[in-house]
Amino acid sequence: MAVRVRFAPSPTGELHVGNARTALFNWLYARRNRGVFVLRIEDTDVERSEARYEGQLMQDLRWLGLDWEEGPDHLPDRGGAYGPYRQSERLALYQRYARELIAAGSAYYCFCSPDELEKDRRAAQAAGRQQIYSGKCRALPPAEAISRKEAGETASVRLRVPDEPLRFEDLVSGTVEFSPDVIGDPILLRSNGTAAYNYAVVIDDGLMQITHVIRGDDHISNTPRQMAVYHALARLPSPATDGCDWRLPQFAHLSTILGPDHTRLSKRHGVTSLAHFRERGILPEALANYLALLGWAPSGGDREIFSLPELVEAFSLEQVSRSPAIFDPVKLHWMNRHYLKQSDPERVLDLAIPIFRAAGQIGESPGEDLRRWLRGVVELLLPAVDDLSQLPEQARVIFEYDAAASIANDENQQVLAEPGARQVIEGFAEQAQQDEELTVERFRAALDHVKKTTRQKGKSLFQPVRIALTGSPSGRQLDRLVPLLEAGSRLELPKPVKSCRQRLMEFQQAWQR
RNA sequence: GGCGCUAUCGUCUAGGGGUUAGGACGUGAGAUUCUCAAUCUCAAAACCCGGGUUCGAUUCCCGGUAGCGCUACCA
């Protein structure tokens, strides 16, 4: 049977790395086995679901590099025979099967009020008993239940769970067994007629012919409830089943991703939504690669860099680890630096431009000249950043120059107080300012000259020059930075880039005082 | 409280009845005749605890502990 897997997020917020990893593993499994990847939207929690998140969800998944054969954005004629793919549009289905289940005696109306149940729960807790539904309405004669219901009494529908252990083979965790008396009779339909999660998933997964349920291990304890639903459905007389046999899918429960403090990863841990990573200039291939290695490793385990196709090739559920993993932004950054270096410079530039713009360093639509220059800037600065959002900070040596401030800086003062510093700067300025533009040749010649006349070299030669030119004793290669400074000074920018000549002038003036 | 899942360097992990317990990130040191970064080289760094099984357990079993999850008319 062809593999069919699904990713079923709730549109209650931005897509989170934890969920993204679940989606990725499902996708990898589908692609590896030439199966079908289904996207289903679990929006039954009307209070928290928002339509706008659905579009963002799909955008985020695509950004990561994932695609799907069936989903809410697919027209009925383009595959998607198992739709609709929004739970909110499947209500009739849930209700129909609930009726069948009641007719078959596998489910029953429950007239207990939430308050009542809450009281029972508290009593059970106080007595140290299992906090599950007491089964109060279980024994109600069906005829009585129906007439009460028809008389307008509100009722939920509960599953009658048989008294037998529920066992399954988890593809990741191995054999898992639950006793029926820890689950009680779960709610199928709420009293407002909507489906509860543990019921809706089963109807959906069953009807959609899902063969492998790959999801977070927070669902492990829900699995027996869902199994009981499958079993009840499978016992339904065949005309009622839409040709679905309600066979149990295979389950694979993925370990949780934790934050550095060992608690479940959440917004408290800072940047965790895909949208946020995208804005920060994390490359999607870096994130996908990193996420794949969180909880999965190839056999052998000594390879780190995988493209999406390579992951598909290497992926298997057997190699998925059972223990929870801590999300490590430092390693993500290492991976991102790797991919940043590998990437086509034009692509990196395209991603960097909006970031420079947001920082106010460039204007609205950069022309060809500016683009070319910016490309040089990015190339020079790239090895120094973890992600693209750090570019503007690094680029301050180009876009900003404040002689007085750099002279006042403590670190700089130490360098400037060195015996040869003044001589170096004066000598360099004199040489460098001979021409209007400081070319690389001129720059090198000037340095050479100063080196000879002052007998300073290494740090004591370069650091004062750096401070005069950029305001900082350290930074990128000077002979690459200088031409960029000069070229930048000839471009239209929101705040003009100062030329080397101007910088030296301002510096010397400020230093006199 | 009950039930479940998990446990190898700080972190992600490989491995598996006998190994110098491997790799990667990070950290430290060194190299690279401009610093910083990058890069390269080297180094330090781990089998949660207690029982059992066994000639031999980090590996298998049991218990403990810890972390996490579920215990909803949330998903």
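A note on names: the letters A, B, ... follow the listed sequences, proteins ahead of strands, and every chain is numbered from 1. Note that the structure is a prediction, hence the values are computed from the model and not measured.
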Among B:rA38, B:rU11, B:rU6, the one nearest A:I326 by side-chain distance: B:rU11
Selection from B:rC3, B:rU6, B:rC25 that lies nearest to any side-chain heavy atom of A:F178: B:rC3
Check: A:H269 ring centre within less than 6.0 Å of A:F327 ring centre: no
A:Y85 ring center within less than 6.0 Å of A:W68 ring center: no
Sugar-phosphate only, base, or nothing, as touched by A:S255 at under 4.0 Å among non-hydrogen atoms: nothing
Sugar-phosphate only, base, or nothing, as touched by A:E304 at under 4.0 Å among non-hydrogen atoms: base
Nearest whole Å is fine: how far is [N] [atom2] from [X] [atom1]?
X	N	atom1	atom2	value
A:H333	B:rA38	NE2	P	14 Å
A:L171	B:rC5	CG	P	16 Å
A:Y197	B:rA75	OH	P	9 Å

A:E116/A:K119 ion pair, N-O < 4.0 Å: no
In whole Å, what separates the [atom1] atom of [N] from that of [M]?
N	M	atom1	result
B:rG64	B:rG1	P	13 Å
B:rU59	B:rG18	P	11 Å
B:rA37	B:rG23	C1'	25 Å
B:rG52	B:rG17	C1'	15 Å
B:rA38	B:rG26	P	8 Å
B:rA29	B:rG22	P	24 Å
B:rA66	B:rC40	C1'	41 Å
B:rU20	B:rA46	C1'	15 Å

Considering every strand shown, what is the Watson-Crick or G-U wobble mate of [N] when both distances are under 3.5 Å?
N	result
B:rU20	none
B:rA66	B:rU6
B:rC73	none
B:rU59	none
B:rU54	none
B:rG30	B:rC40

Partners meeting salt bridge (charged side-chain N to carboxylate O under 4.0 Å, His left out) with [X] (sequence neighbours left out):
X	value
A:D204	A:R40, A:R90
A:E153	A:R148
A:E400	A:R396

Side chain to side chain donor-acceptor pair (under 3.5 Å) partners of A:E14, counting only residues at least two apart: A:S273
B:rA24 base / A:K331 side chain donor-acceptor hit below 3.5 Å: yes
By side-chain contact (heavy atoms from CB on, under 4.5 Å) - contacts of A:D479 (at least two apart): A:V440, A:F443, A:R444, A:Q477
Contacts of A:Q463 that satisfy side-chain contact (heavy atoms from CB on, under 4.5 Å) - sequence neighbours left out: A:V415, A:K459, A:P473
Qualifying ring-ring contact (aromatic ring centres under 6.0 Å, His included) pairs, either residue in residues 180-204 of chain A, two or more places apart: A:Y197-A:H219
Position toward the 5' end of RNA chain B (nearest nucleotide), A:Q319 or A:F327: A:F327
Given RNA chain B, 5'-ward residue of the pair A:T175 and A:V385, judged by closest heavy atom: A:T175
Side chain to side chain contact (heavy atoms under 4.5 Å, CB included) evaluation trace for A:S406 with A:F507: CA-CA 9 Å; A:S406 74; A:F507 188 84; 3.9 Å; yes
Distance-only donor-acceptor check, side chains A:D43 and A:Q87, under 3.5 Å: no
Shorter than 3.5 Å, N or O on both sides, protein versus nucleotides 68-73 of chain B: list them out with atom names.
residue	atom	partner	partner atom	Å
B:rG69	O2'	A:D218	O	3.4
B:rG69	N2	A:S221	OG	3.3
B:rC70	O2'	A:R225	NH2	3.3
B:rU71	O2'	A:Q131	O	3.3
B:rA72	OP2	A:Q131	O	3.0
B:rC73	O2	A:S191	N	2.8
B:rC73	O2	A:S191	OG	2.9
B:rC73	N3	A:S191	OG	2.8
B:rC73	N4	A:C112	O	2.7

RNA chain B-proximal residues of residues 281-298 of chain A, any heavy atom under 4.0 Å: A:L293, A:L294, A:G295, A:A297
Kindly list each side-chain donor-acceptor pair under 3.5 angstrom involving residues 376-394 of chain A, sequence neighbours excluded, with atom names and distances?
residue	atom	partner	partner atom	Å
A:D386	OD1	A:R337	NH1	2.6
A:D386	OD2	A:Q390	NE2	3.4
A:D387	OD1	A:S389	N	3.0
A:D387	OD1	A:S389	OG	2.5
A:D387	OD1	A:Q390	N	3.4
A:D387	OD2	A:H333	NE2	3.4
A:Q390	OE1	A:D386	N	2.8

Nucleotide N/O of nucleotides 33-35 of chain B paired with protein N/O under 3.5 Å:
residue	atom	partner	partner atom	Å
B:rC34	O2	A:R466	NE	3.4
B:rC34	O2	A:R466	NH2	3.3
B:rU35	O2'	A:Q463	NE2	3.3
B:rU35	O2	A:G475	N	3.0
B:rU35	N3	A:R466	NH2	2.8
B:rU35	N3	A:G475	O	2.7
B:rU35	O4	A:R466	NH2	2.9
B:rU35	O4	A:G475	O	3.1

All N/O contacts under 3.5 Å from nucleotides 19-21 of chain B to the protein, with atom names and distances to one decimal?
none

